[in-house]
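Please read the structure below before turning to the comments.
Whatever order the structure lists ligands and atoms in, that order sets their numbers, starting from 1.
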Amino acid sequence: MGNMFSRLRITAVDHVSCHVRAGEIFGLAGESGCGKSTLARMILGFEEPTAGTITHRGKDGQPIAGKQVWRTAGAQAVFQNPFETFNPLRQVENYFFGTVHNYQLADTRAEAVARIDRALQLVGLNYETIAGRYPAEFSGGQLQRVSIARSLLSDPSLLIADEPVSMVDASLRMSIMNLFRELVDTLGLGVVYITHDLATAYYVCDRIAVMFRGNIVAMGDVENVLMSPKHPYVRLLRECIPATNPKKRWTTKIQLAESDIEEYVRVGCKFAGRCLQVMEICRREAPEDISVNGALTKCHLYRQQMGQV
Ligand code: SF4
């Protein structure tokens, strides 16, 4: 079995179509290896799609001169672990001044400080709270706020946040989630919230897409998708939410187990091996996207029910 899959080409994200509106939090949910991280990397320009486009405000992602990578203008990342975002030996403010310099956001130091202060105030801090301090002098929750403020420096219109509260103390998680909501409401930002945690997704998201093995299998208003789940995978997820593995992050390549790879290359519905409602057609044909009560559902069950066979 060892090398059986070694020559296979895995399509981590396949035929995915979704859009994020200004002023909304859009959840991208699923277990590790479902493709949500790859999709996030594409939106941020760390990976180029082999087919299809990523557009931002009507414009395609742009190749950066000299490098075959895309950049979706106006998108910034908020990473999972703020203690990994900042070098422990470097004062936090240096990162801010570095970003101001890279984006040419100020001509003088006073202007830079004012800009940094403004970004920090958006997250409930100010320049004085970070001046001269090192990462270890902050709590996890505070440092995540600092990290979010840095992402806001360049006035992005889209934040891509990867499990932004999974490393934060449980008692502070809600305050960070509420902060995203405030930023969306006050700045009109779009936020893509990537998570395996349906409970926080339900709490904070307006809409959600649930991914399984490279496909979006359910997408729509969060209430609709999560509280009246139609897709068998979403029902299963609601019963047994997989534990997060902090080592599997979208900044690194995810190692798939062979059983995962089997699901990726499966003909028909990729969920057929685990689905309690699997039918004969599921093993032959990949299901189409069907609108069920206003939510996208990729499942043959509804094709039959809707008489579309
Ligand atoms: Fe289950 Fe078939 Fe629906 Fe796939 S298409 S989720 S196997 S019922």
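The shortest heavy-atom distance from K270 to ligand 1 is not under 4.0 Å.
Expressed to the nearest 0.5 Å, how far CG of N224 lies from CD1 of I208 amounts to 11.5 Å. Summarising the geometry, atom OG1 belonging to T195 is positioned 4.0 Å from atom CD belonging to E163; distances are rounded to the nearest 0.5 Å. For the atom pair CZ (F79) and CD1 (I160), the distance works out to 10.5 Å, reported to the nearest 0.5 Å.
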Please assess E111 against R115 for the test salt bridge (charged side-chain N to carboxylate O under 4.0 Å, His left out), listing each intermediate value before the final yes or no. CA-CA 6 Å; E111 270 179 38; R115 181 126 196 168; over 6 Å; no
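For the side chain to side chain donor-acceptor pair (under 3.5 Å) criterion with Y233, the lone passing option out of R213, E31, K298, R274 is E31.
Taking the six-membered ring where the residue is Trp, H231 and F271 present tilted rings, their angle falling between 30° and 60°.
Heavy atoms of K298 found under 4.0 angstrom from ligand 1: none, in either backbone or side chain.
Listed by chain and residue number, the protein N/O/S atoms under 2.8 Å of atom 2 (Fe) of ligand 1 are C282 SG, with waters left out.
For ligand 1, the atoms closer than 4.0 angstrom to any heavy atom of H231 are 6 (S).
Between R284 and I281, the closest side-chain pair of non-hydrogen atoms falls below 4.5 Å.
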